[in-house]
Structures are given as structure tokens and as C-alpha cells.
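This one's a predicted model, so the numbers in the text were calculated from it and none came from an experiment. Order of appearance sets the numbers: ligands from 1, and atoms from 1 within every ligand.
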Amino acid sequence: MTLRVIAIDGPAASGKSSTAGLVARRLGWAHLDSGALYRAVTLAVLDNLREQGAGSGTSWPPQQIVALAEDLPVRLVLVDDIYRPEVAGVDVAQAIRSERVTQRVSAVAAIPEVRHWVNVQQREAVLSHPRGVVVDGRDIGTVVFPDAPLKVFLTASPEERARRRLAERGGSRTPDPIEVGREADVLAARDRADSTRRVAPLKAAADAVVLDTTRLGLEEQVGQVVALARERLPG
Ligand code: CDP
Ligand code: CDP
């Protein structure tokens with residue numbers, strides 16, 4: 001039986017979550033943002049665990065992170081076909097976007113035990129959903145759902161991605177080039193961390209459809225993914 005899942009991967013601010021959310025709505029499926037779960041675990045860690053060591057080598061024992069995620073708990077709750085991140089029963093969709101979470105999330109996501117825990121949550125969600133789930137992240141097509149019938153890898157130039165992030169924060173549509181350059185560097189540093197880690201690095205699956213969205217409108221890219229989905233997942 002065909003797995004009812006669409007995998008959307010790509011670097012930071014390439015448009016994964018917006019695209020996945022709109023594609024899910026058009027298909028009548030649910031949307032799961034796996035990055036939100038990594039961010040929710042990171043938020044829980046920052047609020048509850050004391051770091052070991054000092055300076056750049058600081059870290060948390062992997063088993064403590066997983067135990068914390070189980071106990072609080074950190075989880076995804078399905079509300080109107082969107083899997084929303086919760087920590088200890090509180091919706092954290094806003095809180096996980098904070099700067100302090102963004103700065104530390106790649107380090108937490110590089111821990112194999114954390115990735116295993118997050119992957120179990122994702123697979124449980126997908127297997128229990130009655131229709132299908134559009135999942136976005138970094139390793140969905142390569143590791144979490146290698147059998148997904150449709151895998152999309154979104155890209156966009158670093159400057160375009162930086163402009164999108166700045167616009168999201170309420171900045172001007174034509175921001176200062178220095179500000180764009182600074183944000184592009186921040187995104188590039190996270191992409192580098194995500195692409196060079198040992199476990200499940202960010203990369204396109206060999207059978208992914210690569211879509212460069214630098215010059216695409218959101219509606220256009222959503223339309224292209226929906227068309228591919230209708231081709232590959234009839235009914
Ligand atoms: O939305 P944005 O591109 O800023 O990032 P995100 O999707 O919220 O993901 C935050 C971080 O979680 C990424 O930088 C990765 O370190 C990690 N992540 C991952 O390792 N694997 C995934 N499938 C999704 C996210
Ligand atoms: O999930 P990811 O970090 O890859 O990106 P996102 O949060 O979905 O998208 C970043 C921003 O780019 C959102 O405000 C989108 O509306 C916007 N955007 C886009 O995704 N695609 C375009 N073609 C134009 C804008």
C-alpha cells in the first residue's frame with residue numbers, strides 16, 4: 001500500500017512550512033512541521049536542564065533530554081489538521097521561534113538519541129492519520145520516510161531566503177543590503193551545521209524533485225507540488 005506522506009525538505013527559509021501547510025490544506029491532509037518538534041525539545045531543554053561543561057563545548061546528556069521530552073511531555077497535538085507543538089500541555093508555536101531557540105536548535109538536533117525520539121513521534125503521527133500527512137524538515141525524504149511517494153527539495157538563493165525571513169519579522173520588502181547579508185550569514189551558518197552533522201544531514205534524496213523557488217511565488221510552488229501529488233497519489 002502506498003504510504004500517504006509527502007516529504008518536503010530544504011534549507012532554512014526555503015519555504016518548506018508555508019508550502020507544506022498550503023499543500024496539505026489543498027489535499028485535505030494534515031501538516032507536520034518536524035522542525036517545530038526539534039524546536040520544542042530545544043525550548044524544553046533550555047528551560048529545564050543545566051548545561052554540562054563551559055564555553056562552546058557545552059551540552060546536555062542525551063538520555064536526560066529524551067527523559068525530559070517524555071516526562072513533560074513534549075508532543076505534537078493534532079488541531080484542525082495541523083500538528084501543533086506542546087510542552088507540558090502548553091502550546092509553544094510562538095515560543096519556539098525565539099532567537100535563543102533558533103541559536104541552539106541545530107546542536108540539539110545533531111544528537112542521535114534526540115533524532116530517534118523525534119522520528120518515532122513523526123512515524124506514529126503519520127501512521128495514525130486517516131488521510132495523509134505533508135511532513136517538512138531536513139531528512140524526511142532521506143531518513144524518516146524514504147518510501148514517501150513524493151519527495152520535494154526546496155531551494156532558494158541565500159539572499160532571497162534572508163529577505164523572506166526579514167519580511168516575516170515585519171521588515172521592509174526592500175531591506176538594507178547589509179541587513180540582508182547579515183541574515184544570510186546567520187542562515188548559512190545553520191545550514192552548514194545541519195548539512196555537515198554525522199547523523200541525517202540536510203540533503204536532497206536521490207529521487208527528490210528539486211524546486212528552486214528563488215523566482216517563484218508561494219502560490220506557484222504550492223500549485224506545482226499539488227500537481228505532482230495528484231499524479232503520484234491518485235484518489
Ligand atoms: O523554519 P526554519 O528553517 O528556521 O527551521 P526549522 O524547520 O524550524 O528547523 C529548525 C532546526 O531543526 C533545523 O535548523 C535543524 O537543525 C533541525 N531539523 C532537523 O535536524 N531535521 C528536521 N527534519 C527538521 C529540523
Ligand atoms: O519552513 P521554511 O523555514 O523553509 O520556510 P517558511 O517559514 O515556510 O517560509 C519563509 C517565508 O518565505 C514565509 O513567510 C513564506 O511565505 C515566504 N515565501 C515562500 O515561502 N515562498 C515564496 N515563493 C515566497 C515567499
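Atoms of ligand 2 lying under 4.0 Å from at least one heavy atom of Leu216, given by number and element, are 22 (C), 23 (N). Short contacts between ligand 2 and Gly217, defined as distances under 4.0 Å to a heavy atom of the residue, involve ligand atoms 23 (N).
With 3.5 Å as the limit, one finds no donor-acceptor pair spanning the side chains of Thr155 and Arg161.
The residues lining ligand 1, counting any heavy atom closer than 4.0 Å, are Ala12, Ala13, Lys16, Ser34, Gly35, Tyr38, Arg39, Arg97, Val105, Ser106, Ala109, Arg115, Gly137, Arg138, Asp139, Ile140, Arg165, Arg190, Asp194, Arg197.
Under the 4.5 Å side-chain criterion, counting only non-hydrogen atoms from C-beta, Lys16 is in contact with Arg138. In this structure, the side chains of Trp29 and Arg4 come closer than 4.5 Å at one or more pairs of heavy atoms.
For the side chain to side chain donor-acceptor pair (under 3.5 Å) test, residues two or more places apart in sequence or in another chain that qualify with Arg131 are Asp81.
When all heavy atoms are compared, the tightest approach of Ala200 to Asp139 is CB-OD2, 3.5 Å. Nearest heavy-atom pair, His31 versus Ser17, reported as atom, atom and distance to 0.1 Å: CE1-O, 3.5 Å. Gln221 and Ser14 get closest at one heavy-atom pair: NE2-O, 4.3 Å.
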